[in-house]
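The chains referred to below are lettered A, B, ... by the order of the sequence lines, with proteins before strands, and numbering in each begins at 1.
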Amino acid sequence: MSDVIAGVGALLDPTVLLCLIIGTLLGTLVGAVPGITATMAVALATGFTLTLEPIQGLAVLLSIYVAAQFGDRVPAILVNTPGTPASIATTFDGFPLAKAGRAGVALTSSALVSAVGSLASILILVFLAQPIARIALSFGPIELFALVVFGMTMMVGVSNGRIAKGLAAGAVGLLLGAVGRDPITGDHRFTFGLPELTSGLPFIAVIIGVFGLAEIFNQIIEARRGGTASPIEQLGRWWPDRAERRTLVKPTAIGTGIGAVVGVVPAAGGDIAGIIAWDQARRASQHPERFGKGSLEGLAAPDSASTATMGGSVTTTLALGVPGDSVMAVMLGSMIVWGLQPGPSLFVENPDLVFSISGIMIVATLAALGLALVRMQGVVKLLKLPLNALAVVIITFCMVGTYAVQNSVFDVIVMLVFGIVGLGMKRWGFPAGPLVLGLILGPLAESNLRRGLLIDGPFAAFQSPIAASLIALSVFALIAPAVLRTLKRRSKPRADAAAPR
Amino acid sequence: MTAMVEERTVQATEVNDLEQAPDQPAQSTRLREILIGAGVVAVGATVLLLAQQLPAEAANSEFGSRWWPSLIGGAITLLGLAVAIVGALRPPVRDCEEPGATGIWQLLAILGLIVVYGIAWRFAHFLVVTPLLVLGIMTLLGGRGWRSLVLVPVVVTGALYGVFGLLLRVPL
């Protein structure tokens with residue numbers, strides 16, 4: 001009990017509260033602007049938080065982390081551009097909802113379920129940190145590989161009948177993830193003598209290119225001369241009505257559960273949790289046909305899932321010293337500088353810290369929720385921008401945002417190239433999601449598969465029940481829709497023949 | 001002001017008309033789908049060739065540097081064949097508007113402007129070259145009047161500099 005009092009008491013310092021407010025504002029802003037990710041904002045903020053006390057610095061960094069998860073939904077819903085990778089799945093139903101004139105309900109629902117996911121995940125951090133960390137520790141290389149395969153097949157499964165093209169896009173993504181140093185031997189692969197490629201393709205630049213630029217490029221080439229555009233004009237109501245709120249409950253529960261589990265797995269973050277949750281909520285829904293076409297259920301599941309990863313991600317980082325996601329990797333460095341060594345001994349040496357961190361995340365969640373609900377009216381005014389102004393804002397923010405990640409012009413060139421690649425994929429019917437997921441998770445998949453095969457031999461996946469189950473689920477997820485379609489086609493003529501004339 | 005509101009309403013209506021297209025795969029001929037599949041096969045074959053130039057596997061390991069790229073290259077090749085076969089048997093339904101010649105020209109011109117901007121940025125300050133880029137894009141996309149050609153460049157440049165240059169301390 002004294003640890004709880006000491007941990008929460010540390011937050012009563014006015015400077016800590018000020019740091020929380022600054023972090024929340026900054027996080028919401030960076031989340032809402034495509035091209036600025038939470039990882040980048042936390043990395044940049046690290047520069048001026050290292051001089052602060054650990055609790056103050058953690059307040060800034062953690063509140064950026066939390067608030068960015070709220071802000072990134074806004075561009076995902078309004079302009080079909082994920083503010084950060086965690087909101088990739090938000091675009092599946094968020095943008096169709098906005099196009100259908102329900103942007104207000106989508107934004108409000110998203111903020112509410114994101115808060116539920118975040119708060120639930122903080123409970124995990126408080127009460128289940130140690131047991132969950134022990135489970136995550138049992139994931140070996142082959143299980144991690146199987147988890148990546150599972151995540152990617154879920155992504156392909158959302159390709160709506162474009163399985164072959166989705167798989168091809170995912171395979172190309174995995175290939176792009178192989179650019180740079182071999183994760184095991186260190187050999188250079190596909191770098192073509194360019195030193196910038198030694199550490200791999202900059203995935204932030206690729207994401208911004210295929211999601212942000214490609215969308216606006218497509219709008220430009222499709223627009224009629226003199227025609228200007230705001231993507232969404234009819235915003236509709238702000239608050240979901242009673243029936244809509246009721247529909248949010250089940251997918252939010254599914255999303256929160258999936259996010260909580262995925263969050264504790266090292267390196268698996270909100271992007272993969274969101275996609276898995278979207279697919280699982282679709283399977284559990286009474287109206288799966290509405291998913292991808294503007295379903296509130298399809299919005300609630302991934303949004304609650306991606307925020308629900310935060311508690312688990314922080315747990316993994318602090319309890320094991322293994323970063324739960326890329327933001328945590330950056331934060332890990334800051335904590336070491338502050339003299340806090342993440343790992344199993346952290347909670348032993350600083351038992352009050354878990355409560356301070358939980359308190360920061362709770363306050364940041366509530367502040368970000370309040371901010372999300374209050375500032376939406378202002379944000380939506382952006383929708384009334386004509387196409388030329390919208391294009392200018394998106395193109396320039398994408399360019400400067402990409403440059404700012406590493407102060408690299410090369411990254412901007414990569415982003416432009418992938419903007420054109422993304423445009424081609426869009427025109428030729430290839431989904432962009434699997435490509436990006438392959439790129440992000442490719443190194444994780446490759447290194448773990450090779451380690452698993454080297455350690456346990458070619459049948460490693462079949463020796464692990466967890467890995468075997470995940471791979472079986474992946475195969476099922478790919479085959480089941482095709483089998484069901486075939487069965488439906490075969491049963492339809494019989495039904496037609498049996499129908500009275 | 002009234003005229004501006006009306007103009008926006010008309011613009012939005014036009015855009016909403018464009019946005020109403022159903023979200024289905026692009027309609028294309030069987031030939032086009034087969035060509036797309038052939039393109040994917042070509043990518044896979046190229047990867048397989050490039051993978052052979054990577055350092056050879058160590059004598060005691062069959063899972064070296066070239067193993068994963070070769071595996072992926074083979075998978076891409078097979079998936080390209082699948083794309084071609086599926087496209088030939090069941091060509092997908094159209095979903096995108098046909099691109100207009102004006103739109104393609106505008107996009108190429110914008111890309112050209114960005115290249116020029118990248119070169120100019122090496123010699124002039126961000127606050128000097130960025131408004132010119134914004135002005136150029138606005139003009140290309142049909143922006144007219146002081147709001148489009150003066151206000152937007154100034155506001156966008158100011159916002160970019162404020163967020164990145166001042167707030168996030170990015171050296172612009």
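- The shortest side-chain heavy-atom distance between A:Met425 and A:Pro431 does not fall under the 4.5 Å cut-off.
- At distances below 3.5 Å, at least one donor-acceptor pair connects side-chain atoms of B:Gln106 with backbone N or O atoms of B:Leu140.
- For the set A:Thr185, A:Leu423, A:Leu174, the entry with the most heavy-atom pairs within less than 4.5 Å of chain B is A:Leu174.
- Remark: the backbone N or O of A:Ser295 is paired with a side-chain donor or acceptor of A:Asp93 at under 3.5 angstrom.
- Note on B:Val134, B:Leu133, B:Thr139: by heavy-atom pairs under 4.5 Å with chain A, the leading option is B:Val134.
- A salt bridge links B:Glu33 to A:Lys165: at least one charged side-chain nitrogen sits closer than 4.0 Å to a carboxylate oxygen.
- The candidate with the highest count of non-hydrogen atom pairs below 4.5 Å against chain A, out of B:Val156, B:Ile76, B:Val152, is B:Ile76.
- Residues A:Pro96 and A:Lys293 come closest through the heavy atom pair CB-C, 3.5 Å.
- Counting heavy-atom pairs closer than 4.5 Å to chain A, the top residue among B:Ile114, B:Leu107, B:Ile137 is B:Leu107.
- Heavy atoms of A:Ile216 lying under 4.5 Å from chain B are absent altogether.
- For B:Ile85, no part lies near chain A; criterion is any non-hydrogen pair under 4.5 Å.
- Proximity to chain B involves both the backbone and the side chain of A:Val172, based on heavy atoms less than 4.5 angstrom apart.
- With a 4.5 angstrom heavy-atom cutoff, B:Leu111 touches chain A only via side-chain atoms.
- Heavy-atom distances place the side chain of B:Val40, and not its backbone, under 4.5 Å from chain A.
- For A:Ile184, no part lies under 4.5 angstrom from a heavy atom of chain B.
- Side chains of B:Tyr117 and B:Thr130: a donor on one and an acceptor on the other come within 3.5 Å.
- Separating the CG atom in A:Asn388 from the CE atom in B:Met138 is a distance of 4.0 Å, to the nearest 0.5 Å.
- In this structure, the side chain of B:Arg66 engages the main chain of B:Leu54 through a donor-acceptor pair within 3.5 Å.
- Contact of A:Thr396 with chain B is made through backbone and side chain together, with heavy-atom distances under 4.5 Å.
- Residue A:Leu449 touches chain B through its side chain alone, counting heavy-atom pairs closer than 4.5 Å.
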